[in-house]
Amino acid sequence: MKTILVGLWTALASNLAMAMYGVSIDGIDYNLNRESYTAELISYNGPQVVSLYVGKVVYDGQTYTVTSIADYAFAFTYGAQSLRSISLPFVKTIGKGVFASSLQEVSLPSATSIGDDAFCYCSELKEISLPSVSSIGKGAFACCSSLTKVLLPSVISIERQAFYGCSKLEMLSLPNVATIGDGAFDGCSSLMSVSL
C-alpha cells in the first residue's frame with residue numbers, strides 16, 4: 001500500500017510541476033499555468049517605469065491571463081521604485097506586501113482579495129476603488145497617509161489594522177461589511193463619513 005501511495009503522490013506532483021512553468025518576459029517573472037492558461041506575476045525586474053499595464057502575456061504562442069500577484073512582487077525591486085500607476089484588469093488575488101511606496105494610482109477592477117500589508121506605506125496613494133474585493137488582509141492599507149477615499153462595495157471582512165494610520169481618510173463606503181478587525185481604523189483622525 002505504501003508503494004502505491006508514494007507512486008500516486010509522485011505522479012500528482014509531477015503533473016502539477018508540468019502544469020506550472022516559470023518564465024521571464026520583458027523583465028517580469030511569471031508562473032504560467034498550462035492547464036488554465038493563467039499566470040501569476042512573481043516579480044518585476046524590468047527598467048524603471050512610471051506606469052505599467054499587465055493584462056495578458058504571450059509565451060510560446062499561447063496567451064495567459066495574469067490573475068494573481070505574488071507576495072512582495074513590486075516591493076523590493078529597483079525597477080518598481082519609480083512606479084506611480086499600475087493597471088491589473090484581470091487580477092483576482094493580491095499577495096502580501098506587494099507594492100512599492102511610490103504608487104499613486106491603481107486599477108484592480110477584478111480583484112477579490114487583498115493580502116496583508118499589500119499597500120502598506122504607499123504614502124502617495126490618494127483614492128482607491130475595489131468593486132469586487134470581499135476580503136482585506138491585516139495592515140493592507142496601513143500608513144497610506146495621503147489616502148482620502150476608499151470604495152469597497154463588496155467587502156465582507158476587514159482584518160485588524162487594515163487602515164491604521166490613514167490620517168487623511170475622510171470617507172469609507174462599506175455597505176456589505178460583516179466583520180471588522182481590531183484597530184482597523186486606528187489613527188484615521190480625518191474620518192468624517194462611513195457608509196455601512
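The chain is numbered in sequence order, starting from 1.
- Separation of atoms CG (Leu172) and SG (Cys166) is listed at 9.0 Å; rounding is to 0.5 Å.
- Within the model, atoms OG of Ser157 and CD1 of Ile136 stand 8.0 Å from one another, a figure rounded to the nearest 0.5 Å.
- Residue Met192 belongs to no hydrophobic cluster, having no ILVMFWY side-chain heavy atom closer than 4.5 Å to its own.
- A distance-only check finds no donor-acceptor pair linking the side chain of Asn33 to the backbone of Ala39 [under 3.5 Å].
- Residue pairs meeting the ring pair (Phe, Tyr, Trp, His ring centres under 6.0 Å) criterion with at least one partner in residues 143-165, sequence neighbours excluded, are Phe141-Phe163, Phe163-Phe185.
- Across Ile28, Leu88, Leu32, Val91, a single residue satisfies side chain to side chain contact (heavy atoms under 4.5 Å, CB included) together with Val66, and that is Val91.
- At least one test fails for Lys56 against the ring of Tyr64: distance under 6.0 Å to the centre or angle within 45° of the axis.
- A pairwise comparison of heavy atoms in Ile158 and Ala162 identifies CG2-CB, 3.4 Å as the closest pair.
- Connection of Leu169 to Val194 is established within a shared hydrophobic cluster, with ILVMFWY side chains joined at heavy-atom distances below 4.5 Å, either directly or through further cluster members.
- Remark: the Thr65 side chain and the Thr67 side chain contain no N/O donor-acceptor pair separated by less than 3.5 Å.
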Verdict with supporting geometry, Ile156 and Thr179, side chain to side chain contact (heavy atoms under 4.5 Å, CB included) | CA-CA 7 Å; Ile156 294 169; Thr179 61; 5.7 Å; no
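- In this structure, Leu151 shares a hydrophobic cluster with Met171, the cluster being traced through Ile, Leu, Val, Met, Phe, Trp and Tyr side chains under 4.5 angstrom apart.
- In terms of heavy atoms, Phe119 sits closest to Leu125 at CD2-CD2, 3.9 Å.
- Aromatic ring orientation, Phe74 versus Tyr44: parallel (interplanar angle below 30°, classes split at 30° and 60°).
- Going from atom CG of Leu152 over to atom CD1 of Ile128 covers 8.0 Å, rounded to the nearest 0.5 Å.
- Contact record, Gln161 with Ala142: O-CB, 3.9 Å, taken as the closest heavy-atom pair.
- For the atom pair CE of Met20 and CD of Glu40, the computed distance is 6.5 Å after rounding to the nearest 0.5 Å.
- Considering only residues two or more places apart in sequence or on other chains, Ile25 meets the side chain to side chain contact (heavy atoms under 4.5 Å, CB included) condition with Val23, Tyr30, Val57, Tyr59.
- A continuous path of ILVMFWY side-chain contacts below 4.5 Å connects Leu196 to Leu130, so both sit in one hydrophobic cluster.
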From CA spacing to verdict: side chain to side chain contact (heavy atoms under 4.5 Å, CB included), Thr93, Ile69 | CA-CA 6 Å; Thr93 306; Ile69 307 294; over 6 Å; no
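- Contact annotation: the side chain of Val98 never approaches that of Lys96 to less than 4.5 Å [non-hydrogen atoms, C-beta and beyond].
- Listed by chain and residue number, nothing satisfies the side-chain hydrogen bond (donor to acceptor under 3.5 Å, both in side chains) test with Asn31 (two or more places apart in sequence, or in another chain).
- Shown here are the side chain to side chain contact (heavy atoms under 4.5 Å, CB included) partners of Glu170, two or more places apart in sequence or in another chain: Ser190.
- Taking the side chain to side chain contact (heavy atoms under 4.5 Å, CB included) definition, one finds that Phe76 meets it with Tyr72, sequence neighbours left out.
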With a 3.5 Å cut-off and sequence neighbours excluded, list the donor-acceptor pairs that the side chains of residues 99-117 form with protein atoms.
from	atom 1	to	atom 2	distance (Å)
Ser102	OG	Gln81	O	2.9
Ser102	OG	Leu83	O	2.7
Ser102	OG	Arg84	NH1	3.4
Gln104	NE2	Glu124	OE1	2.7
Ser110	OG	Pro89	O	2.8
Thr112	OG1	Lys92	O	3.2
Asp116	OD1	Lys138	N	3.0

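- Hydrophobic clustering (side-chain heavy atoms under 4.5 Å, transitive across Ile, Leu, Val, Met, Phe, Trp, Tyr) keeps Tyr21 apart from Ile42.
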List the atom pairs, with distances to 0.1 Å, where a side-chain N or O of residues 45-54 and a protein N or O form a donor-acceptor pair under 3.5 Å, not counting sequence neighbours.
from	atom 1	to	atom 2	distance (Å)
Asn45	ND2	Asp29	OD2	2.7
Asn45	ND2	Ser43	OG	3.0
Gln48	NE2	Tyr78	O	3.4

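- In this structure a side-chain-to-backbone donor-acceptor pair under 3.5 Å is present from Thr148 to Lys126.
- Ser154 meets the side chain to side chain contact (heavy atoms under 4.5 Å, CB included) test with no other residue; sequence neighbours excluded.
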